[in-house]
Protein chains: 2
Amino acid sequence: MNWELHPKMNEKLYLRNPEQSEIGKNMIKKSINLIRKLGFEAFTFKKLAEEIPTTEATVYRYFENKHRLLSYVVAWYWHWLDYQVMFKTNNLKSSAEKIKVINQILTWQMDEEHTVIDDISLEDLHQIIIYESSKVYLTKHVTEDNQYQLFKPYKNLCARISNIFKDFNPDYPYTRSLASTIIEMAHFQDFFMTHLPALTDFAETKSLKNVNDFLNSLVFSALEKKVKATSN
Amino acid sequence: MNWELHPKMNEKLYLRNPEQSEIGKNMIKKSINLIRKLGFEAFTFKKLAEEIPTTEATVYRYFENKHRLLSYVVAWYWHWLDYQVMFKTNNLKSSAEKIKVINQILTWQMDEEHTVIDDISLEDLHQIIIYESSKVYLTKHVTEDNQYQLFKPYKNLCARISNIFKDFNPDYPYTRSLASTIIEMAHFQDFFMTHLPALTDFAETKSLKNVNDFLNSLVFSALEKKVKATSN
DNA sequence: CTAAATTAATAGTATTACTATTATAAAAGA
DNA sequence: TCTTTTATAATAGTAATACTATTAATTTAG
C-alpha cells in the first residue's frame with residue numbers, strides 16, 4: 001500500500017500550486033536538493049531558477065518568497081510523517097508498541113523502503129527538517145502564519161502522538177508537550193550528535209539508534225511514573 | 001554578591017572587543033533592543049548604526065557580520081546563565097534541590113532581582129534566546145564555528161547540569177542529552193505556549209510555572225527510573 | 001479563428017551585506 | 001612642543017539579494 005502521492009497542501013503556502021505543472025514539481029524537487037546542499041540562508045530563488053532551469057520571476061509566481069517555499073516543503077514532510085505514523089501504528093495492539101514505532105520513525109530507524117517518493121529525495125528532506133524546520137516558526141510573523149493554518153500538519157502529528165500517549169496513560173498531564181518534545185529532540189539530538197557531540201551522550205557511536213533509545217527511555221519513564229503496572 | 005560584570009568572551013566572536021569602548025558597549029545594548037524588536041532576519045547593521053548612532057562601517061569594524069553579533073550576544077547569555085546556575089545551586093545540599101533550582105532558572109521563575117545588568121536588558125536577551133538562539137548553530141558553518149569554540153558557554157552549562165544529574169543518579173546513561181533537552185525545551189515550550197499552544201498542554205494558563213512543572217516531571221521521572229529510593 | 005486568459009521572460013529597483021579608501025582624533029616618541 | 005604613529009570612524013562605493021512592473025509568448029475558450 002502506497003502513500004496517496006499528493007497531499008492536499010494549504011493554499012496559503014503557495015501562489016500557484018506547484019503540483020499542477022511540470023515546472024512546479026521540478027521546482028519542489030530542485031528546492032529540496034538545493035536547500036540541503038547550500039543551507040537555507042545561502043539558498044536563493046536565482047540559484048534555484050538556474051537549477052530548474054527557468055527564470056527567477058517564474059519561481060516568484062509560485063512562491064511569495066523563499067521562507068514560504070521552506071514552509072511548504074516542511075509542511076509536506078510533517079504531512080508525510082503523520083501518514084507514516086498513522087499507517088505504521090494502525091494495526092498494533094498495545095500503545096507501548098505504537099510508541100516504540102513512533103520513536104523509530106522519528107529517528108529514521110525504519111527499513112529503507114522509501115528514500116524517494118514522488119520524485120522527492122526523502123533523505124534530503126529529512127536533513128532539511130533537522131537543519132531548517134524550526135526556522136519556519138521562529139519568526140516575527142508566527143502568529144499570522146499560524147492563523148493561515150500553515151503549521152496544521154505539525155499540529156496534527158503532535159496531536160496523533162499525544163493521543164497515543166494518552167492511551168498509554170490517561171492520567172499523564174503533559175502528553176502534548178511530551179509529543180512536541182520528542183519530535184524536536186529527535187531532530188536536535190541528531191544534529192547535536194553530528195555537530196556538537198558534547199551536548200549529547202552519543203559522541204562515540206554517533207548512531208541514531210542511541211537517540212532512539214534515549215527517546216524511549218524519556219517517554220516511558222515519563223508516562224509510567226504514576227502508573228503502577230504497564231508494559232515496557 | 002554581584003556577577004563579575006565582564007565575562008571573558010571568546011575572541012573569535014568579534015573583530016574589536018565591544019567591551020573596550022563606549023560605542024562598543026552601546027552597540028551590544030542597542031543590538032539586543034533591536035533584535036528583540038525586529039527579529040534577527042529584519043535586523044541589519046544599517047538600522048543598528050542609526051540607533052547607536054554611528055555608521056554601518058563602524059559596526060563592521062566590531063563584528064564580521066550580524067550572525068557573529070548574534071553569536072556573541074547568545075554566548076554572553078549562556079555565560080550568564082551558567083554563572084546563575086553555579087551560584088544558585090552552590091550552597092544547596094541535595095542534587096534534587098539543585099535540579100529544581102535549575103528548572104526554575106531555565107523557566108525564568110526566579111525573583112526579579114536582575115532585569116538589567118551591565119546596561120543590558122535581560123528580559124530582552126531572554127526573548128532573543130527563545131526566538132533566535134538555535135539559529136546560531138543551525139547553519140552550514142557549525143563545524144567551523146565549533147572549532148573556534150564559539151559554543152563553549154552552552155557546552156559548559158550543559159556539562160554543569162549534566163554533572164548534577166549524574167550526582168542524582170550515577171547510573172543514568174543520558175545525562176548530557178537530558179541536559180540539552182531541558183535547556184532547549186525550556187525555550188521551545190515557552191515559545192509554543194505563546195504562539196502555537198496546540199503543541200503544549202499550557203494553552204489556558206499560558207504560565208511559565210507550567211513549563212517548570214513539566215520539566216521537573218520530565219527530569220525526575222527519567223532520573224528516578226531505575227533507582228529505587230531517592231528524594232523528590 | 002479570434003479574444004481572453006494564462007504563463008513565462010525581460011528588465012528593471014530598493015535593499016542588504018560588505019569593503020576599499022580617506023579623514024580625523026588620540027597617543028607616543030623625540 | 002611638535003611630529004609621527006596608531007587607532008578609530010566616516011565616506012563612498014560594489015556585488016548580490018529580494019522582489020516587481022511590464023512585456024512577450026502560449027494556451028484555452030467561445
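Note that the coordinates shown come from a computational prediction; the quantities given were computed from them, not determined experimentally. Throughout, protein chains are lettered first and strands after them, A, B, ... in sequence-line order, and every chain is numbered starting at 1.
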- What is the distance, rounded to the nearest whole Å, between atom CE of A:Met27 and atom P of C:dT7? 12 Å
- Give A:Thr54 one of three labels, base, sugar-phosphate or nothing, depending on what nucleic acid heavy atoms sit under 4.0 Å from its own. sugar-phosphate
- Of the listed D:dA10, C:dT10, C:dT7, the closest approach to the B:Thr58 side chain comes from D:dA10
- Message: Here's one to test your reading of the geometry: is the NZ or CZ of A:Arg68 within 45 degrees of the ring axis of A:Phe63 and under 6.0 Å from its centre?
- Response: no
- Note on the structure: Between A:Lys8 and A:His79, the two heavy atoms sitting closest are O-CE1, 3.7 Å
- Looking at A:Thr55, does any N or O in its side chain come under 4.0 Å of the phosphate oxygens OP1/OP2 on C:dT10? no
- Rounded to whole Å, CZ of B:Phe40 lies from C1' of C:dT16 at a distance of 13 Å
- Query: Please give, in whole Å, the distance from D:dA9 P to B:Leu15 CG?
  - Reply: 13 Å
- Query: Donor-acceptor pair, A:Thr181 side chain versus A:Ser177 backbone, under 3.5 Å?
  - Reply: yes
- Item | Atom-to-atom span, CZ of B:Arg61 to P of C:dT22 - whole angstrom | 16 Å
- Task: Check the distance between C:dT16's P and B:Leu38's CG and give it to me in whole angstrom.
- Result: 10 Å
- Task: Figure out the CG/P separation between B:Leu48 and D:dA9, and round it to whole Å.
- Result: 13 Å
- Query: Do B:Ser180 and A:Gln189 have side-chain N/O donor and acceptor atoms under 3.5 Å apart?
  - Reply: yes
- Query: Rounded to whole angstroms, how far apart are CG on B:Asn26 and C1' on D:dA9?
  - Reply: 15 Å
- Message: Salt bridge or not between A:Lys47 and A:Glu50? Use side-chain N to carboxylate O under 4.0 Å.
- Response: no
- Query: Does A:Tyr62 put a side-chain nitrogen or oxygen below 4.0 Å from OP1 or OP2 of C:dA8?
  - Reply: yes
- Between atom CG in B:Leu69 and atom P in C:dC18, what is the gap in whole Å? 12 Å
- Measure from NZ or CZ of A:Lys66 to the centre of the six-membered ring of A:Phe40 and say whether it is under 6.0 Å with the direction within 45° of the ring axis. yes
- Task: Kindly compute the distance separating CG (B:Asn210) from CG (B:Asp190), expressed to the nearest 0.5 Å.
- Result: 11.5 Å
- Message: Using a 4.0 Å heavy-atom cut-off to protein, can you give one letter per nucleotide of nucleotides 15-20 of chain D, 5' to 3': B if the base is in contact, S if only the sugar-phosphate is, - if neither?
- Response: --SBBB
